[in-house]
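Read the structure below first, then the notes.
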Amino acid sequence: VGGEAVIEDGERIAAVLDEVEIRLRRVLVARYGVDVGVDLTADVLAWAWENRDRVAGLDRPLGYLYRVAQSQARRYRRWTERAPSFAVVPDAPAAPGDAAGREAQMTLLGLATLTPEQRMAVLLVKAHGWTYPEVAEVLGVPTTTVTNHVTRGLARLRAHLEEAP
Amino acid sequence: VTDLSDAELDARIRAAGLLLDAAAQRAASRAGRRRRPPRRALVLAAAVLVVLAIGATAVLALRGDDAGEDDVRIDTTTTTTEPGGLGARVRALGLTGEIVSNDTGLIDLATGGITPLVAPGDILRDGWPVAVPDGEGGLYYLSHDPAVVPTQGEGPDVFGQTDLRHLTADGEDEVVQNGVYSFAVRADGAVAMAVARDPVLTSVTEESNDVIVLEPDGTRVTWSPAAGGYHVSAWAGDRLIGQRHREDTEADDLIVFDTAGRIRDLAWWGAVSLIAPDGSWGVVHGLPPGSEPPDDGGPAIPPRILDLATGEEVGTIDPGDAQTVGALRWVGDGRAVGISTAPSASDGPSDHVGVLLELDVGTQGGEVRIVVARRIILDDRTFAPDEVDVAPDGTLLAPAPILGRQALSATDPGLWACRPDATTCELLTLPFGDLGDVGFVDNPSRPLP
């Protein structure tokens, strides 16, 4: 009976991690770009699985796992001697005539000019529809800080896009 | 592209988000790095974890009598404060003085008396004072205008409008100025305000503030030469310390207004955390003007003691064994407190623990000297706190998210409380609110060391 309970616990945690995965990946991709964001997400989920007893008791694991990711990113920095930065990685250039694809890539280039906090706030709120308090909770900052990041990020992005050829 | 509409900008961001999602999904599928052990291994692992958890509990119990640095005892139990209004929980700490609480208003902690404020909810801004005594028994405070309702969705999001209000000792409560987003009250009662050109804040509002000083005789003087990304932090004597947003680098630079229209840079990417009672010097965080941008994730920049009239360094801060000194606050009797970190000695989830530094502030040979008098090393039940506040009774309060499990979820707001005698520190949970939502009513422009 004890074994079955343990398995049930494990499956419950796996379900929680499945639910967290997409949201965490969006946060980390917005922060670090596709390559590092996806790798970090995988590393953090592996860590969460290995530490599932700790994660099991969390009401809102996303913010916690974001902090774990930040810690992992610092280690990444030590390995690579450089800070992981937002890499714009559309893995194939937009096809000729694909105006929408080219526009989206231009927007990504603009997003790369924002600070990491601005970029996360703009993408999570405006692209993924998160509320301002949701973003604040994950980033561990007041809601007013998120609104500030969005306002400044949108202004900078707009300026970049309006100046683009 | 010229004149991108708000709707077009939103659409382009959504498209970029979809592109990122698709690229991330492809990368994740390629990597296939999710690792999960098979079910049998899970049973064994769980059994091992149970044994380890029992062992860890025993070790924790054994460590319970360990003293912290310099005989400061870190209480290894965690107290959960009772549910209810935030003010009730703060009163449960036994603090005295006045606080402004989001859910109740102005609370006198000694009597429990509550003065409702017009709209105190969600107004407390990171690092800015929201309620300052007027020196005559009243209070200046920031309040959301309840007529401006926040919205989110298509087009610009509306965040709200903040007004500066004055609650007098007689109980009269009136708007001083609409659209104020930071303010500072000088010793003689003059009020400096960052006043937005467009009082309603939205996601597309240009940050365009004027710095206006309302003199005690009612005269209004504009101190900023032109509207810009200005905020005010505190008065240093007759000088006004503030910040100015630099758009090319997204930096918030620390500036000083010597008088109306005369501005100097003090530090780039800067802030001030301690001002001498006579306003002559301040502890400044940030880089000298003209510096290259700070390295993202690089080592912390040590604060400097600057003459606020000249910008020259006039003293030293010796952090002792600490890595650096974070934001400082006066605690009285020529002492300040700051925050730092130390590597964690345990293999717990956080690789650093918080350290509270008690610092002596003095002058030697014409130079200001700030030295560590004592360190209080917290334990790894929380992440290292980012800041420390001082209650009017001298209790040091450092909010930090609690690590752990079950009732102590990592997102539970925690609060380190070190009593004025500084021989004990205890960790409290605040299950339905964050002490970051509480502001003690004091005036950083009039420190009383």
Side-chain angles (χ1 to χ4, degrees), chain A residues 3 6-7 9-10 14 25-26 29 34-35 37-39 42 45-46 49 53-54 56-60 63-64 67 71 74 77 83 89-91 100 103-105 107-108 111 115 118 122-123 126-128 131-132 137 140-145 147 150-152 154-158 161-162 164, chain B residues 1-4 9-10 12-21 23-24 26-28 31 33-37 39 42-43 46-47 49 53 122 124-126 152 157 159 201-207 245 247 250 295-298 349 351 383 401 403-412 436:
Chain A
V6 169
I7 291 170
D9 272 355
R25 196 164 66 207
R26 281 177 165 167
V29 166
V34 171
D35 283 349
V38 167
D39 278 357
L45 289 176
W49 183 251
D53 63 322
R54 185 178 297 148
L58 306 181
D59 293 333
R60 290 157 295 186
Y64 179 76
R67 285 170 182 271
S71 179
R74 281 195 287 274
R77 175 192 167 81
V89 196
D91 32 13
E103 264 189 9
Q105 290 189 2
T107 309
L108 286 177
L111 287 163
T115 67
Q118 289 173 351
V122 166
L123 276 169
K126 290 294 180 184
H128 303 311
T131 66
Y132 289 87
E137 184 181 309
V141 299
T143 304
T144 47
T145 302
T147 60
V150 169
T151 303
R152 288 181 175 179
L154 287 179
R156 195 173 178 89
L157 180 61
R158 181 191 296 275
L161 293 176
E162 289 180 350
Chain B
V1 178
T2 53
D3 295 337
L4 205 56
L9 184 60
D10 281 3
R12 292 188 66 159
I13 296 168
R14 280 197 298 276
L18 287 173
L19 193 62
L20 280 177
D21 268 357
R26 280 196 298 276
R33 293 181 61 179
R34 285 287 297 278
R35 306 163 204 144
R36 282 184 196 157
R39 289 161 72 102
L42 175 60
V43 175
L49 286 170
D122 196 26
L124 298 159
R125 298 172 69 83
D126 199 15
Q152 181 181 351
D157 300 329
F159 302 145
L201 198 62
T202 75
S203 58
V204 296
T205 304
E206 187 183 351
E207 193 170 15
H245 182 60
E247 284 186 7
E250 297 295 333
D295 189 9
D296 183 22
D351 52 5
F383 286 107
L403 296 160
R405 54 174 307 184
Q406 304 302 336
L408 306 182
S409 123
T411 47
D412 276 342

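A quick note: this is a predicted structure, and the numbers were derived from the prediction, not measured. Lettering of chains follows the sequences in order, A, B, ..., and the numbering in each one begins at 1.
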Which heavy atom of [X] sits nearest a heavy atom of [Y], and at what distance?
X: B/S203; Y: A/V150; result: CB-CG1, 4.0 Å
X: A/T107; Y: B/R12; result: OG1-NE, 3.3 Å
X: A/V34; Y: B/A27; result: CG1-CB, 4.0 Å
X: B/D21; Y: A/R26; result: OD2-NH2, 2.6 Å
X: B/G17; Y: A/H128; result: O-CE1, 4.0 Å
X: B/A16; Y: A/A104; result: CB-O, 4.1 Å

task: Name the option with the most non-hydrogen atom pairs under 4.5 Å to chain B; the candidates are A/A155, A/G37, A/A127.
output: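 The option with the most such pairs is A/A127.
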
- request: Give, as side chain, backbone, both or neither, the part of B/L9 having an atom under 4.5 angstrom from any heavy atom of chain A.
  value: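 Just the side chain, heavy atoms under 4.5 Å.
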
When B/I13, B/L18, B/T205 are compared by non-hydrogen pairs under 4.5 Å with chain A, the top option: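 Looking at each option in turn, the highest pair count goes to B/I13.
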
Interatomic spacing from CD in A/E162 to CG in B/L4 - rounded to 0.5 Å: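 Nearest 0.5 Å value for the CD-CG distance: 5.5 Å.
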
By side chain to side chain donor-acceptor pair (under 3.5 Å) - contacts of A/T151 (at least two apart):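 With sequence neighbours excluded, A/T151 shows a side chain to side chain donor-acceptor pair (under 3.5 Å) to no residue whatsoever.
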
field: By salt bridge (charged side-chain N to carboxylate O under 4.0 Å, His left out) - contacts of B/E207 (at least two apart)
entry: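 By the salt bridge (charged side-chain N to carboxylate O under 4.0 Å, His left out) rule, B/E207 matches A/R152.
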
